[in-house]
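Scroll down for the structure; my scribbles are underneath it.
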Amino acid sequence: MDSKVDYKATLNLPKTDFPMAGNLARREPEILAEWQKQGIYERVLKAHERDPVFVLHDGPPYANGHIHYGHILNKILKDLVVKSRTMEGHRVPYVPGWDCHGLPIELAVDRELGPKKAGMSKAEVRRECDAYARRFMASQREEFQRLGVFGDWERPYLTLDHSYEESVVRALATFARDGYLYRGKKPVYWCAHCRTALAEAEVEYQDHASPSIYVRFPLEGDPAEIDPALAGARASVVIWTTTPWTLPTNLAVVLHPTFVYVAVPVALADGTEHLPEYLIVAKELAHRFLAACHLTSDPSGWIELPPEKSALLRGRRYQNPVGRTPKEPDFRVGFAAHVTLAQGTGLVHTAPGHGMEDYLYGQEHGLDVYAPVDDAGCYTADVPRWQGRNVHEVNTDIVSALHASGHLLSDPKDTITHSYPHCWRCKQPIVFRATPQWFIALDHAGLRKRSLEEIDRTRWIPPWGRNRIFGMIEHRVDWCLSRQRVWGVPIPCFYCDDCGATLVDAHVMEHVAEIFAESGSSAWFDRPAEALLPPGTRCQCGSQKLRKEEDIVDVWFESGVSWAAVCEGRKDHGVPVDLYLEGSDQHRGWFHSALLTGVGTRDRAPYKAVLTHGFVLDEQGRPYSKTEIEKARREGRTIEYLPPEEIIKKQGAELLRLWVASEDYRNDVVYSQNILDQLGESYRKIRNTVRFVLGNLFDFDPAKHAVAVADLQPLDRYFMGKLGRLCDRLRTAYEEYEFHLVFRALIDYCAVDLSAYYFDILKDRLYCDAPTAATRRSAQTVLYETARSLATLMAPIFAFTAEDVWRHLPRRKGDPESVHQARFSAPPDVPAGELEEEMPVLERLREATQKALEEFRAQKNKTIDAHVWLTLPMAEHLVAVKHEEALADYLVVARVDLQVGDERRTLVRRAEAERCPRCWKRVVARDGDLCPRCAAATTPARAPGGTTG
RNA sequence: GCACCUGUAGCUCAGCGGCUAGAGCGGGCGCUCGAUAGGCGCCGGGUCGGAGGUCCGAGUCCUCCCGGGUGCACCA
């Protein structure tokens with residue numbers, strides 16, 4: 001009989017039910033079901049009932065489609081915050097929300113309804129939208145929960161909730177009351193065929209041939225004031241445009257303040273002019289311009305107008321032959337930085353009612369938002385010459401008229417093919433047209449300035465977020481609140497049918513808010529105006545014939561007030577909340593709208609800190625999102641996209657949690673199957689390390705067997721101290737939201753400190769000592785604390801696995817059922833001793849020995865059979881001698897002999913002593929003898945062969 | 001076009017003015033078979049995106065360029 005087999009049965013080998021394989025795809029749903037059953041979210045909150053509150057307010061994802069990796073990154077990050085802050089000792093309520101109104105849903109519903117929609121009322125369409133939003137909310141909710149994210153999933157907030165809509169209207173009322181809300185005009189995409197405003201998403205770009213014309217506008221006054229050389233001459237500013245129909249709406253010609261212009265003398269083709277004619281264009285574009293117009297001019301006669309001279313053009317009047325009624329020819333030259341030299345003449349025809357930049361320029365310079373074009377895309381009575389004519393059709397007429405009057409410089413038949421916006425539905429070219437809209441005035445009551453101040457009172461993580469949002473708020477234009485759509489919260493204003501006045505009244509709005517609280521915003525569409533107004537409401541003209549506003553409010557305003565709608569009402573919340581956490585695009589979005597609504601209605605930012613993360617990219621650095629994949633597909637590129645559902649089905653959600661935790665979210669994060677597989681390796685390393693610990697605690701009861709710190713074996717004490725420092729580091733990293741450092745430190749600790757080092761040494765004591773030996777209990781005490789600490793510290797990231805670890809851990813009195821109800825474990829303090837200074841020396845010896853042993857092992861030897869001679873310099877020798885007794889165990893070799901030398905040398909031989917058949921240490925004199933330790937461990941009850949019969 | 005962010009081994013990250021730039025994982029090789037779909041050891045692998053500059057000294061500070069991302073603008 002081979003005695004080895006027998007002795008194996010006398011060892012204290014690890015025993016545990018904690019499986020080696022995670023089997024996460026199967027195990028996670030079981031854990032989720034248990035959490036669900038025990039109401040884990042409420043339980044966790046309950047466990048922290050008396051702790052200080054920390055509120056992470058959820059930014060609502062859009063209730064459309066399935067979740068993608070961006071959602072996963074965001075939600076898991078939030079969950080890491082919630083779980084880590086909880087375990088650090090806070091009460092952390094988390095109420096998930098959904099953004100339910102807005103265009104994408106409305107469009108999706110349009111598509112589902114098809115032609116049916118034509119016969120439906122607004123209210124009916126809205127009911128379809130409502131159902132659609134709820135459907136996707138429900139599916140996303142399941143998908144988020146599957147990730148192990150804790151939250152109040154039973155009572156999420158939806159922006160279509162009655163109480164939420166009420167809050168939106170109340171916020172509007174506050175803005176109205178304090179005078180921020182006004183009605184103005186702003187250019188929007190407009191489809192004349194469908195007679196509707198279009199959102200960005202509804203616009204398609206197609207190639208389109210447009211007229212390309214150069215037009216001169218004669219300057220009034222004496223050009224000699226600009227340059228004496230122009231004395232007695234005539235001068236014109238020259239513009240280029242592809243939309244002749246906008247010329248009647250021209251209100252300005254704009255130059256760039258730093259470009260050099262030239263006045264180019266030409267002889268015009270019609271020969272009617274007697275005086276020399278100078279055409280003013282940007283110097284850099286002069287040749288191109290002349291060529292395009294088939295004009296010639298000797299450059300020697302050009303008069304250069306450097307910025308200081310062209311500046312004299314500022315405010316100068318010019319004539320526009322097709323411009324606004326000749327009675328008020330107040331066209332003036334101006335300057336702006338948006339002028340470019342890419343095309344044209346370096347002088348920009350500006351029509352504030354029909355172009356965004358033109359509009360902004362007009363706003364700055366007090367120009368009218370002049371848009372004499374009606375819903376059908378036809379000129380109004382303001383343009384008598386072409387009244388009632390469609391602007392696209394009238395283009396050729398306008399070109400002819402300019403040609404006839406001698407103002408057209410180019411060939412009337414010139415065209416240019418470029419991409420031009422078309423209506424996504426009817427495919428007709430669209431126009432840019434100013435229509436009346438509702439705005440919030442940024443500079444009313446210092447809203448902008450106070451918002452900027454609030455930005456500096458907020459903590460931005462990472463810090464550059466501050467600059468980003470600061471610049472945006474600093475430069476943004478007034479907030480256009482209205483949308484010509486049906487799926488949203490109506491703007492609760494009215495119009496007087498008799499005098500046309502607008503009724504913007506905070507009291508009326510508050511009244512509407514109450515109706516919405518009761519019946520939802522659908523009431524606006526279901527009920528007549530009288531039923532929505534407080535009884536007896538009249539226009540200031542005395543009329544009671546009031547008409548409802550048709551526009552709805554921008555969805556960013558809706559989500560922007562979530563802090564009010566969701567957080568203010570809850571007793572465990574409180575505004576400002578501790579943290580907003582979203583993708584960096586939300587500087588322009590939610591962080592922005594929340595800031596403005598917060599400052600506008602409560603005079604403060606609704607958050608104390610804002611954390612942003614980057615985007616998810618694939619391995620090639622391209623955005624990894626469904627829309628991006630689809631786009632690529634359309635363009636004939638292929639990008640592989642495995643939807644997260646499939647990953648979860650195959651590998652579970654835990655790996656996705658590790659992915660989120662392992663990446664530095666401040667940058668863009670890369671997702672790929674390869675990365676996930678790598679994480680799988682790390683996962684297994686950690687899992688097995690923990691499994692080893694659990695296995696060696698099978699006979700350990702902390703209440704009975706724990707050894708006091710002072711009585712621990714030196715190495716154990718050292719590792720208890722190391723553990724304490726690890727815990728401190730990890731908690732700080734959690735606190736600072738540096739999850740990837742937590743992950744890194746966990747891996748490194750498990751792989752390097754524990755598995756390859758501590759445990760390697762410990763195995764002998766754990767397996768071979770008598771079960772109750774003080775030396776073994778000492779090791780188990782540290783293992784136990786290690787397991788506790790790992791289980792709790794890994795719990796925010798390894799939400800599922802940590803739960804299983806916790807369940808397999810010997811219980812201590814008062815331990816909660818779930819690890820998520822526990823706090824981060826703090827191992828006992830270890831007073832700093834001289835060991836802390838000596839260990840690095842020993843560790844160097846260990847490393848050197850291992851290298852030296854490599855050759856020994858290559859000759860089919862076991863390191864446990866090695867006899868090592870260490871020649872050490874005095875400093876190292878002194879330390880080594882001090883620990884001479886333990887050194888062989890520490891290096892996991894048979895025997896170590898020390899001597900002093902000039903430099904470190906290692907010599908390895910096979911040990912001469914015989915092997916103890918139980919512990920394999922070469923310490924016995926005679927083959928077959930047990931070493932004293934093993935002899936003691938096996939007597940009397942566990943004599944060799946005794947257990948196997 | 002403008003602004004901001006970003007670029008260290010195959011992958012994920014450390015390193016934040018000073019020894020021949022590190023770790024984990026992956027890879028290669030070997031050992032073990034008492035953590036075994038595991039454990040241990042060793043090895044190879046980087047002109048720190050590029051070019052200038054400041055400095056006794058730069059992955060680390062400055063400037064420019066290149067690649068990637070985001071936002072804005074343009075395209076209208």
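All chains are named by letter (A, B, ...) in the order of the sequence lines, taking the proteins before the strands, and each is independently numbered beginning at 1. Please read all numbers here as calculations on a predicted model, not as lab measurements.
For the P atom pair drawn from B:G45 and B:G69, the interatomic distance equals 32 Å after rounding to whole Å. One P atom belongs to B:C33, the other to B:G28, and the distance between them is 23 Å to the nearest Å. Rounded to whole Å, the separation between the P atoms of B:G49 and B:G10 comes to 13 Å.
Residue A:Val431 is out of contact with every strand shown, counting any heavy-atom pair closer than 4.0 Å. As judged by a 4.0 angstrom heavy-atom cut-off over every strand, A:Arg857 is placed among the base-contacting residues. Within 4.0 Å (heavy atoms only), A:Val892 reaches no atom of the nucleic acid at all. In this structure, A:Thr242 reaches the sugar-phosphate backbone alone: every heavy-atom distance under 4.0 Å involves primed, P, OP1 or OP2 atoms, never a base. Among the heavy atoms of the strands lying under 4.0 Å from A:Glu681 are primed sugar atoms or P, OP1, OP2 only; no base atom is included. Residue A:Lys851 is classed as a sugar-phosphate contact, given heavy-atom separations below 4.0 Å to backbone atoms only.
Evaluated for a salt bridge (Lys or Arg N to Asp or Glu O under 4.0 Å) with A:Asp769, the options A:Arg918, A:Arg776, A:Arg933 yield exactly one hit, A:Arg933.
There is no side-chain donor-acceptor pair under 3.5 Å between A:His867 and A:Arg922. No side-chain donor-acceptor contact under 3.5 Å links A:His808 and A:Thr16.
For A:Glu854 against B:G41, a side-chain N or O and a base N or O form a donor-acceptor pair under 3.5 Å.
Along RNA chain B, the nucleotide closest to A:Leu617 and the one closest to A:Ala751 are compared, and the more 5′ of them pairs with A:Ala751.
A distance below 6.0 Å separates the ring centres of A:Trp245 and A:His354. Within the 6.0 Å centre-distance limit, the rings of A:Tyr757 and A:Phe719 are counted as a close aromatic pair.
Within residues 739-749 of chain A, the residues having any heavy atom under 4.0 Å from RNA chain B are, by residue number, A:His740, A:Arg744, A:Ile747, A:Asp748.
The listed nucleotides are B:U12, B:A37, B:G34; the one nearest the side chain of A:Glu663 is B:U12. Of all nucleotides listed (B:C13, B:A35, B:G69), B:G69 comes nearest to the side chain of A:Pro623.
For B:G41, neither phosphate oxygen OP1 nor OP2 lies less than 4.0 angstrom from any side-chain nitrogen or oxygen of A:Thr863.
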